There are 2 protein chains.
Amino acid sequence: MTSDARPAPVKDSAPVGFQEHDHQTCVETALASVEARCSTEGLRLTPVRRKVLEMLLQEHRALGAYAILDRLRAEGFGSQPPVAYRALDFLVQNGFVHKIERLNAFVACSHPGQSHSPAFMICRKCDAVAEAQSAPAKGVLGAAARAAGFEIERTVVEAEGLCPDCTEKA
Amino acid sequence: MTSDARPAPVKDSAPVGFQEHDHQTCVETALASVEARCSTEGLRLTPVRRKVLEMLLQEHRALGAYAILDRLRAEGFGSQPPVAYRALDFLVQNGFVHKIERLNAFVACSHPGQSHSPAFMICRKCDAVAEAQSAPAKGVLGAAARAAGFEIERTVVEAEGLCPDCTEKA
DNA sequence: CAATACATGATATGAAATAACATGACAAGT
DNA sequence: ACTTGTCATGTTATTTCATATCATGTATTG
Ligand SMILES: [Zn+2]
Ligand SMILES: [Zn+2]
Ligand SMILES: [Zn+2]
Ligand SMILES: [Zn+2]
């Protein structure tokens with residue numbers, strides 16, 4: 001294992017998710033990227049974990065743990081909550097999937113293999129979710145944290161609003 | 001009702017929460033400020049609502065709905081979940097209380113009467129919560145949103161880490 | 001082939017949130 | 001005074017999200 005296989009710094013910050021795109025390629029690329037990181041880092045992308053990741057990549061939007069569980073059941077995997085939550089834990093721990101706190105739901109990472117602190121745009125109408133980059137620690141919040149002596153380890157940034165499609169329709 | 005009684009713009013952005021302070025005064029001031037806004041805006045700060053607000057101001061940290069409910073029960077109010085959730089809805093709607101999505105819990109606003117988009121610092125060790133200001137729509141995220149055609153209506157910004165006290169102890 | 005670590009399966013329970021319906025308080029409008 | 005409408009509260013039941021725990025299986029690895 002090449003232990004220096006740290007995620008590369010962010011290069012593009014395009015908020016994949018609302019635009020039209022070649023989704024099949026998008027899924028395959030992401031999956032390949034995750035497989036690559038797993039093999040270089042000795043992580044075990046087991047069948048359940050892989051299936052959950054594939055589902056989330058396919059959907060390209062946030063799914064609740066029980067929605068995932070339903071699909072797992074349909075595919076013959078275990079059907080009890082821990083099955084889904086354990087797979088999700090693994091995927092979240094390793095940055096392949098993010099949890100959307102606002103929705104208590106999960107979405108596949110759009111920039112796997114890159115070290116990033118994600119920010120999300122969540123459409124309140126159609127539930128579409130796009131991932132962008134954030135740098136909250138560099139702005140007002142970072143200053144407040146330093147002033148208060150608070151050590152930021154992780155940030156949740158979620159914007160709620162209307163996606164382009166839903167804005168148009170209204 | 002003086003309908004021009006919009007919240008004043010933010011003046012101070014001190015992240016109240018971690019520092020020592022005269023807490024009794026802090027509670028009284030906040031409560032007075034909320035009462036003022038309720039009377040000018042014709043909002044009804046009923047006993048349950050007021051009690052919940054007082055509890056959250058007293059505690060000065062995030063409480064779950066069921067913790068609140070326990071306290072309500074102890075004070076002789078209704079003891080079923082909707083009692084707490086309804087009071088919380090009212091308080092959140094009107095900006096007197098904020099929900100911490102990360103914790104599924106609620107905290108009294110530190111800057112009531114000011115229009116603000118709050119950001120929170122949450123200590124993962126002691127659960128202390130401090131409220132600061134954020135301007136997420138002005139930074140990287142705002143740019144991404146504009147680029148994507150996404151209309152931000154509201155943002156959740158929550159930083160997780162170690163508060164000064166817990167950093168010291170470690 | 002142990003011994004170990006890790007992953008999965010299944011049962012049970014806990015915690016957060018809401019749906020639906022009934023009752024009560026109060027302020028118009030008649 | 002009485003009806004009507006609105007808003008708040010109370011209660012029951014249910015749904016949704018999440019975890020603790022124990023048993024079983026399946027890889028490595030010494
Ligand atoms: Zn895609
Ligand atoms: Zn990501
Ligand atoms: Zn205080
Ligand atoms: Zn606030």
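Letters A, B, ... are given to chains in the order of the sequence lines, protein chains preceding strands, and every chain is numbered from 1. Values reported hereafter were calculated over all heavy atoms of this structure, with side chains retained and with hydrogens, waters and symmetry mates removed. Keep in mind the model is a prediction, meaning the values are calculated, not measured.
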Measure from [atom1] on [X] to [atom2] on [N] and round the result to the nearest Å.
| X | N | atom1 | atom2 | answer |
| --- | --- | --- | --- | --- |
| Leu43(B) | dT6(D) | CG | C1' | 15 Å |
| Glu75(B) | dG10(D) | CD | P | 13 Å |
| Leu72(B) | dA8(D) | CG | P | 16 Å |
| Leu69(B) | dT11(D) | CG | C1' | 12 Å |

(message) How long is the straight-line distance from OG of Ser110(A) back to NE2 of His60(A), given to the nearest 0.5 Å?
(response) 5.5 Å
(message) Could you walk me through whether His98(A) and Phe120(A) satisfy the ring-ring contact (aromatic ring centres under 6.0 Å, His included) test, starting with their C-alpha distance in whole Å, then the side-chain angles of each, then the deciding distance to 0.1 Å, before giving a yes or no?
(response) CA-CA 10 Å; His98(A) 301 295; Phe120(A) 300 95; 5.4 Å; yes
(request) Please list all pairs passing the salt bridge (charged side-chain N to carboxylate O under 4.0 Å, His left out) test where one or both residues lie in residues 108-129 of chain B, with sequence neighbours left out. (result) Glu153(A)-Arg124(B)
(request) With sequence neighbours excluded, give me every side chain to side chain donor-acceptor pair (under 3.5 Å) pair touching residues 76-92 of chain B. (result) none
(request) Would you list the pairs meeting side chain to side chain donor-acceptor pair (under 3.5 Å) in which at least one residue belongs to residues 154-170 of chain A, sequence neighbours left out? (result) Arg102(A)-Glu160(A), Arg154(A)-Glu160(B), Glu160(A)-Arg154(B)
(request) Name the orientation class of the two ring planes belonging to His116(A) and His111(A) (parallel below 30°, tilted from 30 to 60°, perpendicular beyond 60°). (result) perpendicular
(message) Grouping I, L, V, M, F, W and Y whenever their side-chain heavy atoms are under 4.5 Å apart, do Leu63(A) and Phe96(A) come out in a common cluster?
(response)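 Yes; tracing contacts between hydrophobic side chains, which count when under 4.5 Å, links both residues.
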(request) Answer whether the closest heavy-atom distance between the side chains of Gln133(A) and Ser117(A) falls below 4.5 Å. (result) no
Detail all sub-3.5 Å separations between protein N/O atoms and N/O atoms belonging to nucleotides 8-14 of chain C.
residue: dT8(C); atom: OP1; partner: Thr46(A); partner atom: OG1; Å: 2.6
residue: dG9(C); atom: N7; partner: Arg86(A); partner atom: NH2; Å: 2.5
residue: dG9(C); atom: O6; partner: Arg86(A); partner atom: NH1; Å: 3.2

(message) Within the 4.0 Å limit for protein heavy atoms, which parts of nucleotides 25-30 of chain D are touched? Write it as a string from 5' to 3', B for base, S for sugar-phosphate only, - for none.
(response) ------
(request) Give, ordered by number, those residues of residues 89-108 of chain A having at least one heavy-atom distance below 4.0 Å to an atom of DNA chain C; if nothing qualifies, reply none. (result) none
(message) So that I can tick it off, tell me whether Arg71(A) and Glu59(A) are bridged by a salt bridge, with the cut-off set at under 4.0 angstrom between side-chain N and carboxylate O.
(response)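 Looking at Arg71(A) together with Glu59(A), the answer is yes, because their closest N to O distance falls below 4.0 Å.
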(message) If we ignore hydrogens and angles and just use 3.5 Å, is the side chain of His23(B) paired with the main-chain N or O of His21(B) as donor and acceptor?
(response) no
